[in-house]
Trainee: 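I have a structure I would like to understand better, so I am pasting it below and will then ask my questions one at a time.
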Amino acid sequence: MTDFNDLVDGYQRFRTSDWRRQRDRWAELKEGQSPKVMVIACSDSRVDPAQIFDTLPGEIFVVRNVANLVPPFETGGGHHGVSAALEFAVTQLEVTDVVVMGHGACGGCKAALTQGFAHAPQGEGGFVSDWVSLLDDAREKVIAKHGDAADADAMREMELESVRTSIANLRTFPFVTKREDAGKLTLRGAYFAIADGVLHLMDENGEFKPAAPALAAA
């Protein structure tokens, strides 16, 4: 299991390998960034967007949080981390695509579906419960369809609903819909299945299909 000392060792390898091999790229990036794609993904350690999409430094602007959630647009008090990152990506970097990527075996979605941390105090699951309450409406839909929160199909559907919910919430931001309506921004949904390594993409009807069908059958 990797600990902090292993991370420092990894940094040493980075300095003697990728840092040297990509000096021109790093020299360019020190002047600024211009990614075309923003990815909103889960904090889960198993689903690193840069690894899944095989990207280089500077190619994607990434925000990760529990269950890859985007809250709806609001102007009240509080610290709006996801909203701030979205605002910067869309209005300053002018990304052309925002991708919300869910994944299999998502602990945040499980917490939302089973309400495992309901009524827990902060520090004992309360923060998680408050955050995943963004999926309360989605939970009702999934339970109505599947009945049992422990059902594997219900769990997968909840994971897909987390993507659909975040896409819908993205469209509550005026600066997002303005650019989308102008044809300057595309919102995309994706789902990475940890069990088989297959990436699924969401179509216009909200359905998910393998990005590469041949791989799904392998």
Side-chain angles (χ1 to χ4, degrees), residues 38-53 60 62-74 78 80-83 85-86 98-173 176 187-211 216:
M38 177 184 191
V39 179
I40 301 170
C42 185
S43 299
D44 194 299
S45 62
R46 299 165 292 181
V47 285
D48 179 7
Q51 184 175 36
I52 293 169
F53 293 116
I60 57 176
V62 180
V63 171
R64 300 178 69 176
N65 62 54
V66 174
N68 43 269
L69 291 174
V70 175
F73 176 79
E74 58 183 6
H80 306 290
V82 177
S83 302
L86 178 66
V98 176
V99 182
V100 178
M101 186 180 74
H103 70 96
C106 179
C109 287
K110 181 178 180 180
L113 183 62
T114 64
Q115 295 189 322
F117 293 116
H119 310 301
Q122 274 74 17
E124 297 179 21
F127 285 120
V128 174
S129 181
D130 289 347
W131 179 247
V132 299
S133 68
L134 289 167
L135 292 173
D136 282 353
D137 289 345
R139 179 184 185 276
E140 291 184 10
K141 185 188 304 184
V142 172
I143 293 296
K145 179 178 179 179
H146 295 278
D148 185 359
D151 184 81
D153 290 337
M155 183 63 206
R156 179 181 173 88
E157 188 66 22
M158 192 66 179
E159 292 159 356
L160 301 180
E161 281 294 330
S162 74
V163 177
R164 298 184 185 113
T165 296
S166 288
I167 293 289
N169 285 346
L170 281 170
R171 293 194 167 107
T172 66
F173 288 79
V176 169
L187 305 183
R188 305 182 187 275
Y191 176 85
F192 181 74
I194 290 177
D196 56 19
V198 175
L199 180 73
H200 298 73
L201 301 179
M202 190 178 80
D203 63 20
E204 294 181 354
N205 298 316
E207 299 301 318
F208 289 77
K209 300 177 182 178

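Computed from a prediction, not measured in an experiment: that's the story for all the values here.
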Trainee: Would you confirm whether Asp151, through its side chain, and Asp153, through its main-chain N or O, come within 3.5 Å as a donor-acceptor pair?
Mentor: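 Yes, Asp151 side chain to Asp153 backbone: donor-acceptor pair under 3.5 Å.
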Trainee: More than 12 heavy atoms of other residues, nucleotides or ligands under 6.0 Å from CD of Gln122: yes or no?
Mentor: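 More than 12 heavy atoms, drawn from other residues, nucleotides or ligands, come within 6.0 Å of this atom.
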Trainee: Nearest 0.5 Å, please: how far is CG in Asn169 from CD in Glu74?
Mentor: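 Between Glu74 CD and Asn169 CG, I get 10.0 Å after rounding to 0.5 Å.
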Trainee: Pair Phe73, Val176 - check side chain to side chain contact (heavy atoms under 4.5 Å, CB included), show working.
Mentor: CA-CA 10 Å; Phe73 176 79; Val176 169; over 6 Å; no
Trainee: Would you mind reporting whether Phe53 and Leu199 have side-chain heavy atoms less than 4.5 Å apart?
Mentor: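 They are in contact (side-chain heavy atoms under 4.5 Å apart), so the answer is yes.
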Trainee: Using side-chain heavy atoms (C-beta onward) and a distance below 4.5 Å, is Ile40 in contact with Ser166?
Mentor: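 Counting from C-beta outward, Ile40 and Ser166 never come under 4.5 Å.
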Trainee: Taking all non-hydrogen atoms of both residues, which atom of Ile194 and which atom of Ala105 are closest, and how far apart?
Mentor: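 It is CD1-CB, 4.4 Å.
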Trainee: Output the distance between atom CZ (Phe117) and atom CH2 (Trp131), rounded to the nearest 0.5 Å.
Mentor: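 One finds 16.0 Å between CZ of Phe117 and CH2 of Trp131.
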Trainee: Distance from Leu69 atom CG to Cys109 atom SG, nearest 0.5 Å?
Mentor: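 The distance works out to 7.0 Å.
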Trainee: Go through it in stages, so that I can follow the logic: the residues are Glu207 and Leu160, the test is side chain to side chain contact (heavy atoms under 4.5 Å, CB included), and I'd like the CA-CA distance, side-chain angles, deciding distance and then a yes or no.
Mentor: CA-CA 9 Å; Glu207 299 301 318; Leu160 301 180; over 6 Å; no
Trainee: To the nearest 0.5 angstrom, please state how far the SG atom of Cys42 sits from the CE atom of Met101.
Mentor: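 The CE atom of Met101 is 9.0 Å from SG of Cys42, to the nearest 0.5 Å.
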Trainee: Just how far is it from atom CG of Leu86 to atom CE of Met38, taken to the nearest 0.5 Å?
Mentor: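 It is 5.0 Å, given to the nearest 0.5 Å.
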Trainee: So how far is it from Arg139 CZ to Thr114 OG1, rounded to the nearest 0.5 Å?
Mentor: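 Output value for this atom pair is 8.0 Å.
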Trainee: Arg46 side chain to Gly104 main-chain N or O, any donor-acceptor pair under 3.5 Å?
Mentor: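 No, because the side chain of Arg46 does not come within donor-acceptor range (under 3.5 Å) of the backbone of Gly104.
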Trainee: Under the side chain to side chain contact (heavy atoms under 4.5 Å, CB included) rule, what do Val100 and Met202 come out as? Steps first, then yes or no, please.
Mentor: CA-CA 10 Å; Val100 178; Met202 190 178 80; over 6 Å; no
Trainee: Dump the intermediate steps for side chain to side chain contact (heavy atoms under 4.5 Å, CB included) on Cys106 and Asp44, then the final yes or no.
Mentor: CA-CA 7 Å; Cys106 179; Asp44 194 299; 5.9 Å; no
Trainee: Run through His200, Lys209, Glu159, His103 and flag the one making a side chain to side chain donor-acceptor pair (under 3.5 Å) with Tyr191.
Mentor: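 Single pass found, and it is Glu159.
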Trainee: Taking Ser162 for the side chain and Leu135 for the main chain, is one N or O donor matched with an acceptor at less than 3.5 Å?
Mentor: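 Side chain of Ser162 to backbone of Leu135: no pair is present.
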Trainee: Just by distance, do the side chain of Ser129 and the backbone of Gly125 share a donor-acceptor pair under 3.5 Å?
Mentor: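 Between the backbone of Gly125 and the side chain of Ser129 there is no qualifying donor-acceptor contact (under 3.5 Å).
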Trainee: With a 3.5 Å distance limit and no angle check, can you tell me whether Arg164 reaches the backbone of Gly206 through a side-chain donor-acceptor pair?
Mentor: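 Here the side-chain-to-backbone pair exists.
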